[in-house]
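Step one of this worksheet: look at the structure below.
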Amino acid sequence: MVKNLIIVESPAKAKTIEGFLGKDFLVKSCYGHIRDLSKSDISIDLLNNYTPKYEVSADKKQIISELTKLAKEAEIVWLASDEDREGEAISWHLFETLKLKESNTRRIVFHEITKPAILKAIDSPRKIDQHLVDAQQARRILDRIVGYELSPVLWKKIKPSLSAGRVQSVSVRLLVEREREIINFNSESSYKIVANFDFVQNGKAYKLKAQLPKKFETKEKAEEFLNSCKQAEFKIGSVEKKPGKRTPSAPFTTSTLQQEASRKLGYSVSQTMVLAQKLYEAGKITYMRTDSVNLSQTALDSAKHQIDSQFGTKYHKSRQFTTKSKGAQEAHEAIRPTYFDQQTAGGDNQEKKLYELIWKRTLASQMADAELEKTVVKINISTNSEILEAQGEVIVFDGFLKVYIESTDDIVEEDDTSGLLPPVTAGMLLALKEMTATQRYTASPPRYTEASLVKKLEELGIGRPSTYAPTISTIQKRTYAVKEDREGIVRNYDLLTLKDSVLTSEIKTENTGAEKNKLFPTDIGIVVNDFLMEHFGNIMDFHFTAKVEKEFDEIAEGLQNWTKMIDSFYHPFHKDVERTLAESERANGVRLLGVDPKTGKNIYTRIGRYGALAQIGENDDEEKKFANLRQGQRLESLTFEEALELFKLPRTLAEFEGKDMVVGTGRFGPYIRHNNSFYSLAKTDDPLSVSEERGIEIILNKRKADAEKVISKFGGDPEIQVLNGRFGPYITKGKENFKIPKDMDAKLLTLAQCEAIIADEANKPKTVKKKKK
DNA sequence: CAGTGAGCGAGCTTCCGCTTGACTT
């Protein structure tokens with residue numbers, strides 16, 4: 001029997017707080033939301049003031065019964081969920097579900113998990129703020145209506161199991177529009193001039209690299225310029241020094257942590273969250289789902305102490321940052337180390353790296369600006385009026401750069417000059433070693449990574465810290481997007497070189513457009529997006545969330561009634577749903593590519609039941625032909641020529657041993673089918689031109705490899721064999737495979753030994769296979 | 001593993017935002 005029961009959201013928080021308070025306090029966690037709309041149907045009474053039907057989630061039943069019991073015994077129940085809209089709703093759901101009484105229930109909030117902050121909170125309790133609760137109900141119900149009315153439209157008009165929602169559908173839209181920007185991007189080229197000089201000063205040799213700020217549009221103009229420099233004298237016109245400074249970034253929020261961990265450590269957003277959760281549970285960092293850049297006074301003080309003692313007082317500068325992102329609710333602090341004097345923490349290497357990143361970023365945010373000196377050297381050319389420029393940057397005082405440099409998503413031009421410039425003075429003459437004009441292409445906007453998509457969503461105020469990672473995974477689970485690598489293509493560029501008064505020209509090659517771990521919209525993603533854009537432009541509007549958030553804020557302030565707000569949204573929205581169901585065509589992304597020269601029939605591309613395909617002939621044509629699109633080909637961008645290529649396979653190569661060898665291409669790449677067996681082509685084989693001889697060779701090679709695969713066969717039980725596999729020898733029985741213990745020789749195994757190994761495996765607890773969807 | 005592709009109709013799917021484990025490899 002306890003006097004006081006405090007309920008917080010997170011168990012790690014509960015543990016910490018309990019340590020601060022005496023025996024009279026029991027601190028328990030409710031693990032987030034405890035009640036929600038039932039999943040089975042919309043669970044909102046649309047005809048009766050949108051009354052929600054809440055139920056306790058299955059995984060919360062146990063904790064609720066425990067809390068109910070404890071609450072009954074307690075003298076006072078303190079509801080200490082987070083101070084935002086969702087937190088207020090959690091307290092309200094607890095109040096209702098645990099059947100609490102107003103007389104002995106207190107609502108408290110605190111902004112940092114320290115003893116004084118909690119004692120202060122206990123000193124100033126309040127009541128549950130029903131306006132804030134109503135704002136949450138409006139948010140919840142709007143999301144349910146959008147999700148549960150739109151998704152079924154997609155099932156009927158596109159295909160089953162698809163989904164749409166306020167957050168996920170806009171995320172896909174971002175990917176689709178970016179992809180189209182990239183496809184339609186017209187790359188232009190220009191010629192960039194770089195000059196390398198040699199000079200001697202006080203007996204020492206120096207080099208200086210300069211560039212022309214202006215670029216030439218054509219090769220001819222670049223040549224003309226280089227030619228004009230053949231007999232030129234190069235003289236330093238001016239040397240200018242300017243002071244500059246750099247300022248540290250704010251400490252991490254969920255979104256910026258995900259971005260930096262992706263750029264610096266290569267972590268996916270969900271990986272970052274799992275690692276951060278572990279650090280949080282170990283008490284090493286503060287809460288990892290936050291949109292706040294705020295640091296508590298405790299944090300500011302201990303950061304100062306750490307910086308003063310580790311780097312000296314001149315490295316310290318106290319800063320408080322303000323949140324820029326829309327709709328931030330700031331229920332927590334920024335993500336920071338719990339103890340600044342711990343420079344490393346974390347169980348494994350990945351956690352350690354993430355911790356170090358957080359430690360450095362937080363500390364840097366409380367450090368002095370870096371002071372720089374920028375030098376610009378201008379070089380006159382005697383034979384024309386252009387001016388070359390050399391730039392250098394020197395760090396005069398490193399300040400926060402001592403611990404942390406933020407990365408960017410932008411592609412940095414590799415010839416940006418930085419560092420110290422050699423000692424030059426105005427009027428000095430320079431000897432030209434070499435001057436080049438390099439053809440440079442403009443780059444399309446970049447594809448999104450998981451982390452840069454999160455950044456964009458946050459800028460638009462869409463989604464919350466707790467949902468960024470799940471949203472990224474949802475759009476991939478629904479196959480609206482895939483995360484993959486793309487090989488680049490080789491492109492030629494001109495390189496003109498002026499050296500010893502001779503101009504030479506050569507064509508060089510570079511790789512361009514290679515992508516790693518980028519999000520690509522799929523065909524189905526594009527078709528769903530276009531469908532939603534056409535019929536539900538309002539929901540797909542990038543500002544839709546911001547607009548409804550404004551109304552939720554008004555509800556929270558008591559200026560608007562939540563059911564009225566939902567009502568004014570629901571009627572026009574539902575009308576769109578009804579109209580779309582009645583009037584819209586099935587969407588399959590069909591495009592007419594052209595007319596097949598052989599048959600004179602139309603060639604289309606569209607989405608079929610199993611993905612994108614090309615089709616010759618109309619749907620009602622008995623003679624129509626199909627071909628799957630190849631990997632990397634998209635409905636959106638498939639050309640007529642590419643479609644014709646697709647129909648060149650399968651082709652019959654020749655006869656071998658009285659059966660046809662047929663070359664085709666399947667899920668795992670090109671293959672030869674012969675006598676109902678399949679033989680993969682090598683990467684170097686071209687399925688369109690592979691020869692009969694090569695085909696036979698491939699078949700014979702595979703047969704030989706298969707023959708060597710069997711180490712032992714046992715007459716008594718033909719089901720059991722010892723085979724040579726990719727990872728070494730193993731035992732197979734029917735369709736199941738078994739490991740051979742390390743201390744046994746595969747070649748000497750007897751049937752009895754194999755049976756023993758198999759029986760041993762059977763005794764181990766059966767692994768429950770997950771249901772495939 | 002290397003196929004399929006229409007439409008019908010049974011019965012299923014689906015949202016966003018709080019929280020962690022209990023499972024697997």
Side-chain angles (χ1 to χ4, degrees), chain A residues 8-14 29-37 39-44 57 59-60 63 81-82 84-91 93 136 139-156 159-169 273-274 277-278 280-281 287-289 329 331 462-468 470-471 474 477-478 539 545 586 588 604 606-615 618-621 624-628 649-650 662-673 676-681 765 767-770 773:
Chain A
V8 296
E9 290 181 40
S10 145
K13 207 170 174 177
S29 140
C30 68
Y31 297 82
H33 275 298
I34 50 144
R35 250 189 358 175
D36 191 16
L37 300 170
K39 260 170 72 139
S40 53
D41 58 14
I42 197 161
S43 298
I44 300 163
S57 334
D59 54 337
K60 297 291 162 56
I63 185 77
S81 50
D82 297 344
D84 57 5
R85 197 165 66 202
E86 299 295 329
E88 201 67 19
I90 288 174
S91 279
H93 281 299
Q136 193 275 347
R139 198 281 304 156
R140 180 67 191 94
I141 280 156
L142 180 122
D143 281 336
R144 172 54 69 92
I145 289 174
V146 170
Y148 272 46
E149 291 219 353
L150 276 191
S151 300
V153 177
L154 300 181
W155 305 342
K156 290 198 186 75
K159 71 175 200 181
S161 302
L162 296 175
S163 66
R166 175 175 60 80
V167 174
Q168 59 169 284
S169 296
M273 294 314 284
V274 168
Q277 174 94 29
K278 286 196 183 134
Y280 168 67
E281 284 169 8
Y287 198 58
M288 64 281 150
R289 289 185 277 265
Q329 311 211 353
I462 298 171
R464 305 278 314 128
S466 67
T467 60
Y468 294 137
T471 299
T474 298
K477 240 190 249 159
R478 301 267 171 276
I539 306 293
T545 291
R586 269 190 84 84
N588 60 9
Y604 299 97
R606 65 176 172 87
I607 296 249
R609 205 143 40 116
Y610 306 98
L613 55 83
Q615 174 179 342
E618 308 303 317
N619 278 346
D620 52 13
D621 189 340
K624 61 182 183 282
K625 275 172 78 180
F626 298 106
N628 284 331
L649 291 176
V662 179
V663 184
T665 183
R667 237 178 348 137
F668 307 99
Y671 64 88
I672 296 175
R673 190 175 61 203
N676 285 330
S677 294
F678 291 87
Y679 305 88
S680 290
L681 294 190
T767 56
V768 187
K769 276 200 177 162
K770 267 194 189 159
K773 51 166 183 126

Legend entry - Nearest-0.5 Å distance that lies between atom OG in A:Ser91 and atom CD in A:Glu86: 12.0 Å

Legend entry - A:Lys625 side, atom NZ; A:Leu613 side, atom CG - distance, nearest 0.5 Å: 14.0 Å

Legend entry - Atom P, compared across B:dG11 and B:dG7: separation rounded to whole Å: 22 Å

Legend entry - Euclidean distance, atom CG of residue A:Asn676 to atom C1' of B:dA2 [Å, nearest integer]: 11 Å

Legend entry - Interatomic distance, A:Leu154 atom CG to A:Ser169 atom OG [nearest 0.5 angstrom]: 7.5 Å

Inset, instruction - Could you grab the distance from atom CG of A:Asn619 to atom CZ of A:Arg606, nearest 0.5 Å is fine? - result: 5.0 Å

Inset, instruction - Using a heavy-atom cut-off of under 4.0 Å over every strand shown, decide if A:Tyr280 touches base, sugar-phosphate, or nothing. - result: sugar-phosphate

Between N or O atoms, less than 3.5 Å apart, protein on one side and nucleotides 4-6 of chain B on the other: list the pairs.
unit_1 : atom_1 : unit_2   : atom_2 : d
B:dT4  : O4     : A:Asn628 : ND2    : 2.8
B:dG5  : N1     : A:Asn628 : OD1    : 3.4
B:dG5  : N2     : A:Asn628 : OD1    : 2.8

Legend entry - Where protein sits on nucleotides 12-18 of chain B, one letter per nucleotide: B base, S sugar-phosphate only, - none, heavy atoms under 4.0 Å: -BBBBBB

Inset, instruction - Indicate yes or no for a side-chain donor-acceptor contact from A:Arg144 to the backbone of A:Asp41 under 3.5 Å, with no hydrogens or angles considered. - result: yes

Legend entry - Rounded distance (nearest 0.5 Å) linking atom NE2 of A:His33 with atom CZ of A:Arg140: 8.5 Å

Legend entry - Interatomic spacing from CD in A:Glu9 to SG in A:Cys30 - rounded to 0.5 Å: 6.0 Å

Legend entry - Between B:dG3 (C1') and A:Leu649 (CG): distance, integer Å: 16 Å

Inset, instruction - Write down the distance separating the P atoms in B:dC12 and B:dC16, rounded off to the nearest Å. - result: 23 Å

Legend entry - Salt-bridge contact A:Asp82-A:Lys13 (side-chain N to carboxylate O under 4.0 Å): yes

Legend entry - Any donor-acceptor N/O pair, A:Arg586 side chain to A:Lys156 backbone, under 3.5 Å: yes

Legend entry - NZ (A:Lys624) with more than 12 external heavy atoms under 6.0 Å: yes

Legend entry - Nucleotide-level pairing of DNA chain B, given in dot-bracket where Watson-Crick and G-U pairs need both distances under 3.5 Å and | marks other strands: .........................

